[in-house]
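Chain naming here is simple, since letters A, B, ... match the order of the sequence lines and numbering starts at 1 in each.
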4 protein chains.
Amino acid sequence: MKQTSEPAPAERRGQRRVSDDKWRTALTSIEPNKILLRGYPLDEVMGRLTFGETIYLLLMGECPTPGIGRLMEAMLVSFIDHGATPPSTLAARNTATTGAPLRSCVAAGILGFGRYHGGDIESCMQFLDAGVDLVRGGASYSSAAEEIVERWKETGDALPGFGHRYHTRDPRAARLFQMALDLEVEGTHIQMIRAVEMLQHTRHRPDDPPLPINIDGAIAAVCSDLGMPPTVANALFIISRVPGIAAQAQEERDRQQPMRQIDPKDHIYDGPSERRLPARRK
Amino acid sequence: MKQTSEPAPAERRGQRRVSDDKWRTALTSIEPNKILLRGYPLDEVMGRLTFGETIYLLLMGECPTPGIGRLMEAMLVSFIDHGATPPSTLAARNTATTGAPLRSCVAAGILGFGRYHGGDIESCMQFLDAGVDLVRGGASYSSAAEEIVERWKETGDALPGFGHRYHTRDPRAARLFQMALDLEVEGTHIQMIRAVEMLQHTRHRPDDPPLPINIDGAIAAVCSDLGMPPTVANALFIISRVPGIAAQAQEERDRQQPMRQIDPKDHIYDGPSERRLPARRK
Amino acid sequence: MKQTSEPAPAERRGQRRVSDDKWRTALTSIEPNKILLRGYPLDEVMGRLTFGETIYLLLMGECPTPGIGRLMEAMLVSFIDHGATPPSTLAARNTATTGAPLRSCVAAGILGFGRYHGGDIESCMQFLDAGVDLVRGGASYSSAAEEIVERWKETGDALPGFGHRYHTRDPRAARLFQMALDLEVEGTHIQMIRAVEMLQHTRHRPDDPPLPINIDGAIAAVCSDLGMPPTVANALFIISRVPGIAAQAQEERDRQQPMRQIDPKDHIYDGPSERRLPARRK
Amino acid sequence: MKQTSEPAPAERRGQRRVSDDKWRTALTSIEPNKILLRGYPLDEVMGRLTFGETIYLLLMGECPTPGIGRLMEAMLVSFIDHGATPPSTLAARNTATTGAPLRSCVAAGILGFGRYHGGDIESCMQFLDAGVDLVRGGASYSSAAEEIVERWKETGDALPGFGHRYHTRDPRAARLFQMALDLEVEGTHIQMIRAVEMLQHTRHRPDDPPLPINIDGAIAAVCSDLGMPPTVANALFIISRVPGIAAQAQEERDRQQPMRQIDPKDHIYDGPSERRLPARRK
């Protein structure tokens, strides 16, 4: 019989409760005084893996190499916040202004990772996969780029991973590609997205808006080259923005009157001026 | 007039839209092709600060020292997941089984950080603060511990930061205190919670269940010694568990039938056996 | 340029704030001491329209006829609760057991209206529409039913609006069709779903499970005959189950220990035995 | 041992699975082809009780009298929507603009029923209870009103149930009290809140803003007189606003561009002009 909206109590469905019926999980094992994360004692992981590396371990099942670990940190950092105006952040701030607890504000913010906000990563991974398949079949990157851009145009949708309403060159995407190159994890998907970028550039007419690779596209290419499935890339996007949403909601609670009307265009930044990281960090 | 549930359009309230009316944010500045996080260019932060350190920067406004950075990572790792049975995780899995998107599952999970789940951190910070105040007034740690435990008993609530249904010695708490000692950030709140632990130990009767410091208590003491307000500790707790909730929800989607009835007691762990981290990580 | 995940502040996009830029809403007008719902003074609606009729007014823009009003009430009542075991209800109960406030529990429950839980209504409306199109083109209901069932089989999915894990005859569906007949609003979509049901019945083999019209199917057919778009049917489903989720979450808070492990199969009903409505209600 | 954030698998806690361990629910009984809501067959309730009456049945356990049923409908209608500017509605619209599904938008909206938005109902019920206790002890309504207003002033909070940012006389509150009087369910709490209103009126100075009873106060008084606990009044508030939030989110999806920046002050109403209900409705 089919899945419907109303499940039956199990005893009616004739399930027997034998040991084979147990459901399985491979993430975390809990015994008294012992917590194993993917097999590693959690207290041993503390202090030895960073949070970013542990997120990789949890989602992918194995410890990352140091290079992949560094790229994970950079991807997580790249999405951490984008100011007060993304709709997900505004949903969180509008929830905060009602006096709701922080967890409610964060949940409201996460619900705003809809089709138009973060949804590009998965589409872009599929878009690039199609190109890489052509390359594996013997096509050059440039002809594969032409082919997949043509195919995509037929959908009528905007090219996934390209364009930004605000930035004409996304500093986060550039930095991520440079790191992937330095850490020697650049692979076929990064080459593919660069080929598409080149194609867009050669076809670009003076009056058109620029169409740079955006951070969604960069993350999509890097995640694909690291062998992550789209579900993991999707999880990374959610995880990476939570600190930003929490910080924005908490700032709303700390600095603003409750029950105010929030006009996103009506804000100014009053934090520190541009500064450099301490030398030891470089 | 007062705050009510129905706000008025601003034009009715006689607000003029002058520049002084702009609302302020000190977190992230967005200009074309430039993103500043607390003043630091985000692309410069990428690859130089870890995700954990950047979370600290975002929430506290300044880069952490290397020692505090390492402690941040350890705190974030300590809470990352606790298996399939916490109610927040079950809320996320029950949402996942309906075919809901990952972000909905994560939001449902976060909503389960209620009074009894994560709520101890803030109570414990206030509890320890009261003891530290007594010490600053001249009391010894042991007499301050006696005093605050007596006072707390009058509330009828369980001692915040102590006891675990499952663990008689929480391996995460022990590891966190050891790291705080090694990194020389142990302060008055950690000493205070240890004094309470000692008091509990001397008063412990053979038939009573053990009452170890739990991870909520350890986080509360460490956050207090790092000068974090309870709101930041609260945000850290939410941020730290999101990867676990996302991984559990995604596993539900990947490995289980939709619309199943989830009995939390009916699961087994089938992941890797206990193993050690690669040597280079130690 | 395209929609990306990071919107730009408007002043950068060169928007001028002229009156034509105002965004529009046609639902509720608020002036001092006057609230108009779709043009009707809300205090006049109170006591004159029921909640169910007012929901119709809000969603469809006009007052329902008395017959449609009664059908609205019946549809809203039909979905109001389905016991303690739907995953959405379990997500709400698992949230309630953590001590979260009621609104967080209700939100967690609503997030569990995923693809497999409530999602059938929209699919079924499209499925029936295809059949009604054939009938309008001259086909008989029975041959249209054969045609759309054949087409659907190619998708590999279960027939939308049919089958229930638990009920072999859904008492709510039967009642809804009887009311539609009595109130003379039965139309082509109800006839279409009945034709499909008849087809399934004649093809039914003794060993197969029965495949009755379920409540999703009945709602889909009735909403279509009332001229509601799928978006309104979807909203009705969410609205109708909220009281059930709120009642279940509140019962969890009132009757159970916090932080318990909820096994959905492990409950018994201890409410009133079957009883009849008072005579005046019939 | 105490409630902590990490529950133990039951088998570790030595629970036996005997019949006494079953957990209990008194709301809805599900058997094959039979659904009983508080003992009444759901298909019999359909068409005989309205949605509002069925909500009362579900939350209170018994069918309402016709008078109470009409008051339930009026209370549910009174809160159904308040235009585009409440923060909860804006959280839902900001979620809708990201392309999120309707259920995510509604969940985000519900999370915005925080302390300052809907939270007044429970405070006001306690405030009025204190006055009614004094009246039962022999005080007059006016002296009880003076007493509880004095006591409340010491808290420094605004008087719960009074004042509105926008309305100087809330048309919904006036209508609800008139209906309670007509339906002969006016009781001690309505008299108490009227006594407080009178007191405010006599003390009112020309320059102060008016302080009318708001809809939160009216609902609080009526719910108290109907014998509803604050938890039920709280549930009613959530249930009543869900249609408004769903309609606003759906309108956002239907009429606006995705990923827009929503300024709440920048909207105009373009729905029907003021009109009267059809005669038969009066």
Just do the side-chain contact (heavy atoms from CB on, under 4.5 Å) check on A:Ile262 and D:Leu90 with the steps written out, would you?
CA-CA 9 Å; A:Ile262 303 175; D:Leu90 290 165; over 6 Å; no

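Judged purely by atom type and a 3.5 angstrom limit, A:Gln261 uses its side chain to pair as donor or acceptor with the backbone of D:Thr85.
Between D:Pro87 and A:Arg260 the shortest heavy-atom distance is CG-O, 4.3 Å. Here the closest heavy-atom approach between residue A:Ala91 and residue D:Thr95 is recorded as CB-OG1, 3.7 Å.
For the atom pair CZ (D:Arg103) and CG (A:Leu111), the distance works out to 10.5 Å, reported to the nearest 0.5 Å. Expressed to the nearest 0.5 Å, how far CZ of D:Arg93 lies from CG of A:Asn94 amounts to 12.0 Å.
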